[in-house]
Trainee: 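I am attaching a structure below and will ask some questions about it afterwards.
In listed order, ligands and their atoms are each counted from 1.
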Amino acid sequence: MGNYKFANIVINRPIEGPFTYSIPESLKEDLEIGSIVEVSFGSKTVTGYVVGLSDKCDIEKIKPINSIIDKTLRIDSGMLELTKWISRYYYSSWGEAISAAIPGVLKKGVSVKRHKKEKHDEVSEEFEFIDGSDTHLTPNPEQQQALDSIINSMSGRLHKVFLLHGVTGSGKTEVYLQSIAYALELGFSSIILVPEISLTPQTVARFKARFGDKIAVLHSRLLGSKRVSEWKRISSGEARIIIGARSAIFAPVKDLGLVVVDEEHETSYKQEDVPRYNARDVAIKRAELSNAVVILGSATPSLESFHAAKNGKFTIIELSERIDSRLLPAVDIVDMREEMTRAKKIPIFSQKLKEWIGKDIAEKKQVILFLNRRGFSTFINCRKCGYVIKCKRCSVTLTYHFDKKKLACHHCNFTMAPPEICPECNASYMKYWGLGTEKVESEAHRLFPAAIIERMDSDATRKRGSHDKALSRFKDGQIDILIGTQMIAKGLDFPKVTLVGVISADTALNLPDFRSAERTFNLLTQVAGRAGRSDLGGRVIIQSYTPQHYSIQAAKTHDYNAFYDKEISLRKELYLPPFCHMVALTLRGRKEERVFKASDSLRASLEKENKSKNIEILGPAPSPISKMKGMYRWAIFLRSENAENITSILKKALRENKTSGIIITVDVDPS
Ligand SMILES: [Zn+2]
Ligand SMILES: [Zn+2]
């Protein structure tokens, strides 16, 4: 670069910038736009990103750049543009957005916790138990048509978003694989996003088998240094196909031609820290900036994506046939209200589920039981005065864990011994209620004493490798009944599973969330997809106290369109996404009074700026979990026709409402 004297630098802090630094003589040769540098900021040394160079500077006291962190690494102009967009759309600083896009080891001043985690996470070549067997399939006419349009857009360098809607087993992965192969032929790189890499071992194995060395797998267990070396392999063009979770969308590939987002509806694409981006939407933006093609794949597309496809924004490709023409499993819904009347208590297993489990394990077939709730009992109360044991730091009930004989908070990990007498009235009538996976496991042992039963949830698999081991044993037929949370709902393909039992379909449905019906339908469809993946056939039994709900009924008939039609009309009626752009603001603080005051004042600022009244302001109101980790939480929701209406007003209001002790988080397109 040579001649510039000053550099504009952004940093990983919630401050906009850029800040000007002088370029020392020794760095002039190597410093470029995109360089990752070390600078002093206040009393600290932080990582900075060079976003501009200049000859002039009006500031008198100017600090020099300390050093360039790695001369071989540079953020390219495309990535600078993308991160700039992210910072604008998701209300972070540019530096924070860049920081999310590069490997952690290059960042100074990241929290100690994160460093620690990286140290403990060793590189493992997991998925050993999975044979990478891969057969090239000849596309059926439906798939060929899909491929033709994808290839056409790619070779014409035409940015286009395809929504590949296909039931489980319709060959979506084969369409991905062949599209990637064409991209490679055309000289393009591809990025494949999967929801959670450790939960999709079979998919990864298939990609590896087909493309070998050209693949780079990015997952959270990669050690910092290994992550950097993979980054270099990608930016040098050696790796042309990148597969990974959310943050793989920032892989520094050359000549991006194709981005695949598998299971595009998954909530794990949404990042919970700043910047709170959705990797699917970032993928679409990145592809747009590089004239690349996007394939969004799902059996249960998000309402947003399917709506966009119906309106012609995306191109829809329907894969309606299963490759092997195998029928989808039969789904039975059991009305648990009737079961309760009959059994005169709250049963865990319905008569029907019990019978089918007994029959299938007697025939040496395998059973999966699903419940999306950990622990043994989900709350305890006093039978005399009704007092409910809650977390001291969070406004939630404590869950009883039988394994550890402890009550635990699932939000802050607070634990305590369960009290034998009521802390409120001293009566000794503490009653355990609610149902978690541990209780299902214990009941299954009681009912089927001869069966080999394993539980898989984040409590049971905390030990490294135990997750893979359990799956491996299940695959080998060493386990009769596998019980688990959503950890077992995804992607797994076990041919001997003939029965899937959903212990309660109502857990997600009762959450105070406008997406609860969508979540329920997705989860039931996904879990049901684990049954009947071979000639042995399959059956799904769904237990529910609200069996007539449309999300459950649509899951029974495997009818996405029926679900979509009902749900989209409700969203329209209630003016919810995709009919509006939504931003959720959460204010947190240790003093409830101050949180409320700050919320009220933020609302007033927004109101004042909202002159054209094109933003609807809802709240402030206490968040569904009104206290978490000792912090009180209030929320304000903004809704408008489009994002731009909100941007300038919100930015101004946020600037005016900086209160010490109050943390405001901005969540765009909350999920
Ligand atoms: Zn009591
Ligand atoms: Zn808690």
Trainee: With Tyr269, which residues qualify under ring-ring contact (aromatic ring centres under 6.0 Å, His included), at least two apart?
Mentor: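 If we apply the ring-ring contact (aromatic ring centres under 6.0 Å, His included) test to Tyr269, skipping adjacent residues, there are no hits.
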Trainee: Using 30° and 60° as the class boundaries, would you call the ring planes of Phe448 and Phe349 parallel, tilted or perpendicular?
Mentor: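 Rings of Phe448 and Phe349: perpendicular, as their planes differ by over 60°.
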Trainee: Run through the protein N/O/S atoms less than 2.8 Å from the Zn ion (ligand 1) and write them out by chain and number.
Mentor: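 Protein N/O/S atoms under 2.8 Å of the Zn ion (ligand 1): Cys382 SG, Cys385 SG, Cys422 SG, Cys425 SG.
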Trainee: Side chains of Arg588 and Ser623: do they bring a donor and an acceptor to under 3.5 Å?
Mentor: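 Judged by distance alone, the side chains do not pair up.
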Trainee: How about Ser305 and Glu264: does a side-chain donor come under 3.5 Å of a side-chain acceptor?
Mentor: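 Checked: Ser305/Glu264 side chains pair up, N/O donor to acceptor below 3.5 Å.
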Trainee: Would you please indicate yes or no on a ring centroid separation below 6.0 angstrom for Phe376 and Tyr432?
Mentor: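 Not close enough - the centres of the two rings lie 6.0 Å or further apart.
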Trainee: Any ion pair linking Asp669 and Lys270 (charged N to carboxylate O, less than 4.0 Å)?
Mentor: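 A salt bridge is absent here (no side-chain N lies under 4.0 Å from a carboxylate O).
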Trainee: Inspect the contact between Arg342 and Glu338 and indicate whether a charged nitrogen and a carboxylate oxygen are less than 4.0 angstrom apart.
Mentor: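 Judged by the 4.0 Å cut-off on N to carboxylate O distance, Glu338 and Arg342 do not form a salt bridge.
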Trainee: Are Lys344 and Glu339 ion-paired here, with the side-chain N under 4.0 Å from a carboxylate O?
Mentor: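 Result for this pair is no, no salt bridge flagged.
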Trainee: Measure distances from the Zn ion (ligand 2) and count the protein N, O or S atoms below 2.8 Å.
Mentor: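 Counting protein N, O and S atoms closer than 2.8 Å to the Zn ion (ligand 2) gives 4.
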Trainee: May I have all residue pairs that pass salt bridge (charged side-chain N to carboxylate O under 4.0 Å, His left out) and include part of residues 376-391, sequence neighbours excluded?
Mentor: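 Every pair satisfying salt bridge (charged side-chain N to carboxylate O under 4.0 Å, His left out) with a residue in residues 376-391: there are none.
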